[in-house]
Amino acid sequence: MNKKLAAALSGGAVLVLTLSGCSDDDSDNKVNDWAKKVCDQVQPQLQKIANANAAIQQQTADNSKPADVQKTDSAAFQQISQAYKALGAAVQSAGAPPVDGGETTQKEAVKELNASSVAYANLKTKVDGLDTKDQAKFADGLKGIADELNKISTSGDQALKKLQSGEVGAAMAKQKGCQKPTASAPPASAPSAPASQSASPSASASAKA
């Protein structure tokens, strides 16, 4: 029931992790300093997103109870929403990156991160409103939420891609704080059903993408 949601989430919840490009030892020190300032604040938030993603993926068993799925997904969306808000604040507080067009790039990235925070908060509200007593309706509701997740992940991420390109992206990629974390133990709200420990193949494949 929750497999499509897990697949969509693992593909779209971590837009800020799309860092690419080779690092350049000759990168300007000012750019490196800016990247460190951002990435030192980013790591705890990336960890929250990874943990929330893992919690949803663990709740993908076909025999998962709707109430357990709802509780897990709601907590995960809340956590991701808060993380994106903090990411926006981190980029805002770091100031504009010292490159051409840096101020515009920063403003667009902050705007997008804040928009993602709002989008995930809205998904939490929708999950909370699903009818857990009717499994068919609940499954349909989750499908709709998964569709929205796909839209969030495929639209409007150009600002972040721009922020993570060129010398700024290379400098960020070198910072440990901006590298993809490994999910730790799931939040306390995660289900305890042993059968939910294996993520669906689609979610695993998407997570590797």
Side-chain angles (χ1 to χ4, degrees), residues 6-57 76 79-120 149 152-187 199 203-209:
L9 180 62
S10 61
V14 284
L15 293 175
V16 79
L17 293 179
T18 58
L19 293 169
S20 60
C22 300
S23 60
D24 181 356
D25 292 336
D26 297 326
S27 290
D28 186 85
N29 286 334
K30 290 182 179 179
V31 177
N32 286 330
D33 289 343
W34 182 89
K36 186 177 189 308
K37 189 184 299 184
V38 172
C39 294
D40 284 351
Q41 299 180 69
V42 160
Q43 186 60 27
Q45 309 311 322
L46 298 187
Q47 189 67 61
K48 287 179 183 178
I49 292 173
N51 292 350
N53 188 354
I56 286 183
Q57 288 196 21
Q79 193 164 308
I80 293 171
S81 175
Q82 292 173 342
Y84 269 108
K85 186 173 183 179
L87 288 172
V91 176
Q92 178 68 45
S93 66
V99 295
D100 291 340
E103 186 174 346
T104 298
T105 298
Q106 178 209 21
K107 287 182 178 179
E108 290 177 350
V110 170
K111 181 180 179 181
E112 184 174 320
L113 288 166
N114 288 336
S116 293
S117 174
V118 172
Y120 282 101
L149 262 176
I152 292 172
S153 66
T154 56
S155 64
D157 65 344
Q158 293 305 309
L160 285 178
K161 287 182 178 179
K162 187 173 181 180
L163 180 68
Q164 298 160 18
S165 65
E167 59 181 319
V168 172
M172 292 175 75
K174 288 192 293 183
Q175 297 295 327
K176 185 176 181 180
C178 275
Q179 292 170 8
K180 188 172 183 177
T182 301
S184 59
S204 301
S206 180
K208 293 177 182 177

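Count residues from 1 along the sequence. Just so it is clear, the values below take in all heavy atoms, side chains as well, and ignore hydrogens, waters and symmetry mates.
With contacts defined as side-chain heavy-atom distances shorter than 4.5 Å, the pair V118/Y84 does not qualify. Within the 4.5 Å cutoff, side-chain heavy atoms of P97 are placed close to those of Q106. Here the side chains of Q79 and N51 are in contact, with some heavy-atom distance below 4.5 Å.
The CD atom of Q45 sits 12.0 Å away from the CD1 atom of I80 when rounded to the nearest 0.5 Å. Rounded to the nearest 0.5 Å, atoms CE (M172) and SG (C39) are 4.5 Å apart. Atoms CG and CD, from N32 and Q175 in turn, are 6.5 Å apart once rounded to the nearest 0.5 Å.
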Extract all donor-acceptor atom pairs below 3.5 Å that involve side chains of residues 85-93 and protein atoms in other chains or at least two apart in sequence.
from : atom 1 : to  : atom 2 : distance (Å)
S93  : OG     : Q41 : NE2    : 3.4
S93  : OG     : A89 : O      : 3.1
S93  : OG     : A90 : O      : 3.1

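Here the closest heavy-atom approach between residue K48 and residue A83 is recorded as CB-CB, 4.3 Å. Looking at every heavy atom in both residues, G177 comes nearest to L46 through O-CD1, 3.8 Å.
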Side chain to side chain contact (heavy atoms under 4.5 Å, CB included) evaluation trace for W34 with V99: CA-CA 10 Å; W34 182 89; V99 295; over 6 Å; no
Step-by-step side chain to side chain contact (heavy atoms under 4.5 Å, CB included) determination, S117 to Q82: CA-CA 6 Å; S117 174; Q82 292 173 342; over 6 Å; no
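For the pair K36 and D40, the salt-bridge criterion is met [side-chain N within less than 4.0 Å of a carboxylate O].
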